[in-house]
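See structure below.
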Amino acid sequence: MNFQQQGVLAAIAQASDDAIFAKDLDGRYRFANPALLAAFAKSEAEVIGRTDAELIEDADAARRIAQHDKMVHAGKAREFEEPVLLRNGAVRHWHSLKAPLADESGRVVGLVGISRDVTVRKEAEARADADRMKLQMAMQAAGLVTAEIDYRTDLNHISAELARMMELGDEEMIVPRQVIFDRIHPDDRERYLEAIRRTVDPEGNGHLSIKVRTLARSGTVRWLHIVLQVTFSMVDGELKPDRGICAAADVTAEMLAERKALAAQRMTEAVIENAGALVYAKDLQGRFMLSNQAWRKLHDLTQEEAAQVTSVHLFGAEVAAQLLENDRRVIETGEQIVALERAVVHGRTATFRSHKFPLYDEAGQVFAVCGVSTDITDVVEADRRKDEFIATLAHELRNPLAPIRNGLEILKRIPDLPQQAGKVRDMMDRQLAHLVRLVDDLLDVSRITRDKLEMRVEPITLQEIVDDAIEASRPGMDSAQHQLVVDLPMRPVHIEGDLTRLAQVVSNLLNNAAKYTATGGRIEIAAHTDGGQVVMEVRDNGAGIPAETLPHVFDLFAQGGMKKHAQGGLGIGLWLVKKLVQLHRGTIEAKSDGPGRGSTFTLRLPIAQQ
């Protein structure tokens with residue numbers, strides 16, 4: 001090597017950012033450029049002639065370097081990664097290329113080397129490895145499968161999870177892109193390929209998010225949510241896709257649940273739309289935000305027109321105020337109500353039974369009132385005519401009763417009436433009394449259903465009610481030889497009510513007990529106070545009530561399912577009892593252990609405040 005060449009090499013060594021050095025066979029530095037001196041933070045005089053063990057505080061690193069040097073002395077150039085621990089605890093990473101140094105005879109006398117500080121690269125690689133591990137853990141936790149696509153070779157590097165899912169194998173592998181396309185369900189394939197074509201178009205953003213089905217060889221169908229990001233690079237002056245990163249999740253369960261929910265929603269919408277009842281929803285401003293076909297047909301509105309109207313537009317301010325008052329009750333209480341609502345529709349006054357209930361938003365706040373209304377105008381009209389008929393019938397029946405009663409009174413005053421005629425007269429008198437009770441009950445039914453029953457509320461006592469009831473019912477019980485047992489509180493129990501009507505209640509209960517109890521049976525009246533109420537029980541040991549009939553004993557024209565035991569009647573006595581009790585703010589219930597085991601009717605009335 002001539003002088004000029006030596007000068008060039010020296011200049012390069014002096015200017016290089018890499019550490020360039022030479023060592024003898026004992027590991028002592030014989031040459032060190034400025035970059036190496038800077039790494040040791042020492043002067044040339046402090047480095048030349050010393051070994052790594054004398055210069056490096058990290059003894060383990062010094063021993064490793066010495067071992068590496070011996071390998072180079074064997075006569076072959078080698079590369080090493082040499083981490084060095086600094087005093088402050090940091091680690092510097094060096095990438096070193098070392099070659100043996102020979103004298104003119106070819107004998108190895110040491111080594112020369114060049115080392116580059118790769119700490120930044122190693123740290124970046126460590127961070128990348130950590131990030132990759134985190135990503136893998138996150139994808140595994142999320143149930144994701146992955147693939148990396150090389151668009152230059154049309155190959156897919158797929159994860160083991162994706163390979164298993166598509167029944168391609170159990171390990172990660174590299175497959176042609178066509179293999180993946182072949183696993184797309186035939187019904188979704190064209191949609192998928194069109195989406196891919198758009199994604200690899202350089203004019204786009206290279207991003208794809210799509211849900212498609214896959215069809216494995218076994219016939220298993222899965223839904224995958226595929227997310228793909230494509231990168232582009234210049235090839236021969238043209239921007240082309242070069243790489244794609246893909247992640248996919250098995251969303252089969254979610255898609256099936258979503259489709260079931262969608263099918264249920266469509267079915268619900270179809271039922272609502274085609275229901276015969278009027279179905280609608282109003283927002284808090286009273287606008288009809290939803291309506292079904294029956295509602296729109298009634299008001300001659302299209303779906304678009306229906307969304308623009310309010311109750312005021314349809315019915316006028318007065319009727320709308322009543323309807324909105326019902327809506328307000330639903331909004332304020334958050335509870336369902338059932339109301340009779342009347343409105344004029346196309347010049348006809350109609351009555352609707354409306355079930356109204358609140359709709360809640362995600363925050364739990366009422367945002368609308370939903371209504372289901374049924375036109376019951378014909379039913380109401382039929383009830384009105386029925387009530388008028390009952391009233392007319394009762395009055396017409398009552399008219400001939402007066403002369404019959406008068407005739408019987410005359411017959412009672414004839415002293416020498418033949419015995420057989422006297423029996424007939426007494427029978428007629430009993431039947432007339434029964435007929436009078438039936439007609440009076442019919443009249444009361446008519447008055448109650450038309451809200452025309454007069455109540456004379458005054459202070460009375462429980463004893464007065466029971467005494468009047470027993471007096472009215474005594475003939476029937478005596479004729480059947482029933483034993484009547486009465487057990488009332490010793491102290492007077494005061495009640496605010498109509499004495500005649502409450503006595504009628506207890507009398508009807510006693511008559512009912514007598515009617516369904518065989519001759520010689522036992523009937524009891526027992527009462528006690530419970531807080532602010534008086535509780536009265538009328539018990540018998542008669543025919544009892546079947547379990548399936550018990551809920552209907554207070555229905556109009558019902559006879560408790562024990563008609564064969566009855567001694568006549570229209571089945572309206574207990575209906576009257578319940579209505580009269582309710583008018584006194586009380587309750588009544590019936591209990592029975594079944595046929596042949598008697599019945600108990602429990603009456604509760606509020607005690608008057610003293």
Side-chain angles (χ1 to χ4, degrees), residues 389-448 453-454 456 458 460-461 463-486 498-525 538 540 542-543 557 559 563-577 580:
F389 171 76
I390 292 176
T392 301
L393 176 65
H395 282 291
E396 292 298 324
L397 289 174
R398 196 178 184 89
N399 289 335
L401 292 180
I404 294 174
R405 183 185 294 278
N406 292 335
L408 285 173
E409 287 298 326
I410 292 173
L411 290 176
K412 288 179 182 179
R413 295 177 184 179
I414 298 176
D416 298 325
L417 194 68
Q419 183 178 5
Q420 190 65 28
K423 290 182 179 180
V424 173
R425 179 200 61 196
D426 293 342
M427 179 272 294
M428 292 175 62
D429 189 45
R430 290 193 301 273
Q431 294 303 316
L432 177 64
H434 180 60
L435 182 58
V436 169
R437 285 197 302 272
L438 292 178
V439 172
D440 286 344
D441 284 350
L442 280 175
L443 285 172
D444 285 342
V445 169
S446 174
R447 295 183 184 112
I448 290 175
L453 183 69
E454 294 184 4
R456 296 182 177 88
E458 58 185 349
I460 54 177
T461 64
Q463 187 70 53
E464 290 176 305
I465 296 171
V466 174
D467 288 346
D468 285 6
I470 292 175
E471 181 180 352
S473 303
R474 177 67 73 178
M477 289 187 290
D478 288 346
S479 64
Q481 300 177 2
H482 291 141
Q483 178 187 3
L484 177 65
V485 178
V486 181
D498 185 318
L499 176 59
T500 300
R501 295 303 180 185
L502 288 177
Q504 181 182 357
V505 166
V506 179
S507 176
N508 278 3
L509 293 176
L510 291 173
N511 290 337
N512 190 73
K515 184 189 302 183
Y516 291 103
T517 301
T519 301
R522 178 184 175 92
I523 299 174
E524 301 177 14
I525 300 177
V538 178
D540 65 67
F557 304 124
Q559 290 188 318
K563 190 171 183 178
K564 65 180 180 179
H565 297 280
Q567 301 174 4
L570 298 176
I572 60 179
L574 292 180
W575 182 88
L576 281 173
V577 166
L580 292 173

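No hydrogens, no waters, no symmetry mates; every other heavy atom, side chains included, goes into these values.
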Main-chain N/O of [Y] paired with [X] side-chain donor or acceptor, under 3.5 Å:
X: Asp540; Y: Ile523; result: no
X: His482; Y: Thr517; result: yes
X: Asn512; Y: Asn508; result: no

For the CG atom of Asp468 and the OG atom of Ser473, what is their distance to the nearest 0.5 Å?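 Those atoms lie 10.5 Å apart.
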
Once you round to the nearest 0.5 Å, how far does CE of Met427 lie from NZ of Lys423?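 Taking CE in Met427 and NZ in Lys423, the distance rounds to 12.0 Å.
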
Taking the side chain as every heavy atom from C-beta outward, state whether [X] and [Y] have any atom pair closer than 4.5 Å.
X: Ile465; Y: Val505; value: no
X: Leu574; Y: Leu509; value: yes
X: Leu580; Y: Leu453; value: yes

Apply salt bridge (charged side-chain N to carboxylate O under 4.0 Å, His left out) to residues Glu524 and Arg522 and explain how you reach the verdict. CA-CA 7 Å; Glu524 301 177 14; Arg522 178 184 175 92; 2.6 Å; yes

Report the C-alpha separation of Ile525 and Leu510 in whole Å, then their side-chain angles, then the decisive distance to 0.1 Å, and conclude whether the side chain to side chain contact (heavy atoms under 4.5 Å, CB included) test is met. CA-CA 9 Å; Ile525 300 177; Leu510 291 173; 3.6 Å; yes

Any idea which heavy atoms bring [X] and [Y] closest together, and the distance?
X: Leu576; Y: Gln504; answer: CD1-NE2, 4.2 Å
X: Pro475; Y: Ala472; answer: CD-O, 3.8 Å
X: Thr519; Y: Gln481; answer: CG2-OE1, 4.1 Å
X: Ile460; Y: Glu464; answer: CA-OE1, 3.4 Å

Using a strict threshold of under 4.0 Å (side-chain N to carboxylate O), is an ion pair present between Arg474 and Glu471?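 Salt bridge between Glu471 and Arg474, a charged N being under 4.0 Å from a carboxylate O: no.
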
Does Glu454 CD have over 12 foreign heavy atoms under 6.0 Å away?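 Atom CD in Glu454 is not crowded, with 12 or fewer foreign heavy atoms closer than 6.0 Å.
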
